[in-house]
2 protein chains.
Amino acid sequence: MPRTKGDHEARRRDVSEAVWRVLAAHGFGGLTLRAVAAELDATTGLLTHYFPAKRDLLAHALDLLEQRTSARPRPAGGDGLSAVRTALLGILPLTAEATASNRIWVSSWDTALADPAVSANHARMYAQSRDRLRDLVATAQRLGELPAGDPARIAEGAQSFVLGLVVQALLNPTAFPPDRQAGLLDDYLAALASAPPSPR
Amino acid sequence: MPRTKGDHEARRRDVSEAVWRVLAAHGFGGLTLRAVAAELDATTGLLTHYFPAKRDLLAHALDLLEQRTSARPRPAGGDGLSAVRTALLGILPLTAEATASNRIWVSSWDTALADPAVSANHARMYAQSRDRLRDLVATAQRLGELPAGDPARIAEGAQSFVLGLVVQALLNPTAFPPDRQAGLLDDYLAALASAPPSPR
DNA sequence: CCATTTACACAACAAGTGTTATGAGTATGT
DNA sequence: ACATACTCATAACACTTGTTGTGTAAATGG
């Protein structure tokens, strides 16, 4: 029974939603045409209509990951160090939604390492995220809330810390509940704030 | 042409070597019976002889990962903070071998998140690694090279930092060459050493 | 020296994968 | 109203995957 309403855009959103659910449940390794189709109560014919080949669906999934990550509720917490803290907290898997998103991210690393093009795209996205973080760090430095030093370098360190904490929290949620994650992040920021003006 | 020499142990080592090469090249997602068999110049019949089912081969691969990780040349660098630094440096993908091992680790996270049993095993291994790190941290504190504070908590933070740095380095090796990784680690340790005695 | 067990190769199987072709309803423009 | 284009379902395809069975050399043990 074909669709009577040709609302192309709405249908595309449905497809994206199904892709997202499959990713959250089974990761990129479980992203199969029939899995997405089943989530839509449709067949693979529908998908090949929207995505000529599997790689197109995979590209769409990666786009989706980038989109939904950057579109996640970003509280934009105020000024200086507080803004840095809020930005980093926004990455951690503190909510169910953030956990799903991070689970997809971790899964994407495997496919990224297998495909140089995806890897390069990931590098670009993380670099962009670092740049935003760097600006926040620079502001905090200007406010005297963080010691002097290359803000880009500090952003690299902070992003590494948060990424690693994401991995730990996903693999061992019992040992790293939300408040523990926040506590560890605050430890890190406190150490950063009290560090000597910079070695170089 | 069947094997004329029944050296069971040596053959098993060959199989493990082939599994390792497949993992390093294609990750856990590419760990297929025929891929391993091809690496051995053998057929799937050989593998089913050593591993009745795929899950047995996967379990062996995970064992292999744990074994080879803990057996990696661990310089055991001296005392206190220096020992902490050496331990953390030993995790980073600074050499080709360490890069391969870390690439396999990252790949394993995807399969771990899909299988609670594997996930629990990972949690156990990381907890064990944290415990070792915690002891080194405690020693450094006793030597006055690190401020007071829960050493387990500090170990958690340090491990998170290093894990995240591993991910960044693997996804973007150009931006995170070995000396950059070491520099970022030293920044982190410097901040840690100059932190206030501990909030709690 | 023969019977049994080991250690595979070889081949076939069912299930799952992406891809492709065909066709049938529905919308759209003329 | 009718031809055309869109939006799928259906089905078959070639391929890969894990699994299983059969056969056969070599090792082993009595």
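Chain letters run A, B, ... following the sequence lines, proteins first and then strands; every chain starts at 1.
Listed by residue number, the members of residues 40-54 of chain B with any heavy atom below 4.0 angstrom from DNA chain D are B:T44, B:T48, B:A53, B:K54.
Distance CG (A:L31) to P (C:dG16): 17 Å, rounded to an integer number of Å. Rounded to whole angstrom, the span from the CZ atom of B:R12 across to the C1' atom of C:dA7 amounts to 14 Å. For the pair B:D56 CG and D:dG18 P, the interatomic distance rounds to 13 Å; values are reported in whole Å. Taking atom CZ of residue B:R55 and atom C1' of nucleotide D:dG18, one finds them 11 Å apart after rounding to whole Å. Following rounding to the nearest Å, A:L57 (CG) and C:dT19 (C1') show an atom-to-atom distance of 13 Å. Atom-to-atom, CD of B:E9 to P of C:dA7 comes out at 10 Å; the value is rounded to the nearest Å.
Phosphate proximity of C:dC8 to B:R11: present, with a side-chain N or O under 4.0 Å from OP1 or OP2.
Between atom CD1 of residue A:I91 and atom CZ of residue A:R72 there is a gap of 8.0 Å, rounded to the nearest 0.5 Å.
Using a 4.0 Å cut-off between a side-chain N of Lys or Arg and a carboxylate O of Asp or Glu, B:R103 and A:D110 qualify as a salt bridge. A salt bridge links B:E156 with A:R180: at least one charged nitrogen is closer than 4.0 Å to a carboxylate oxygen. Look at A:R124 and A:E66 and you find a salt bridge, because one of the NZ, NE, NH1 or NH2 atoms lies within 4.0 Å of a carboxylate O, short of that distance. Residues A:R132 and A:D135 are not paired through a salt bridge, judged by the lack of any N-O separation under 4.0 Å between the basic side chain and the carboxylate.
Side-chain contact between A:E145 and A:T139 is absent, with no heavy-atom pair separated by less than 4.5 Å.
On a pure distance criterion of 3.5 Å, a polar donor-acceptor pair joins the side chain of B:R34 and the base of D:dG18.
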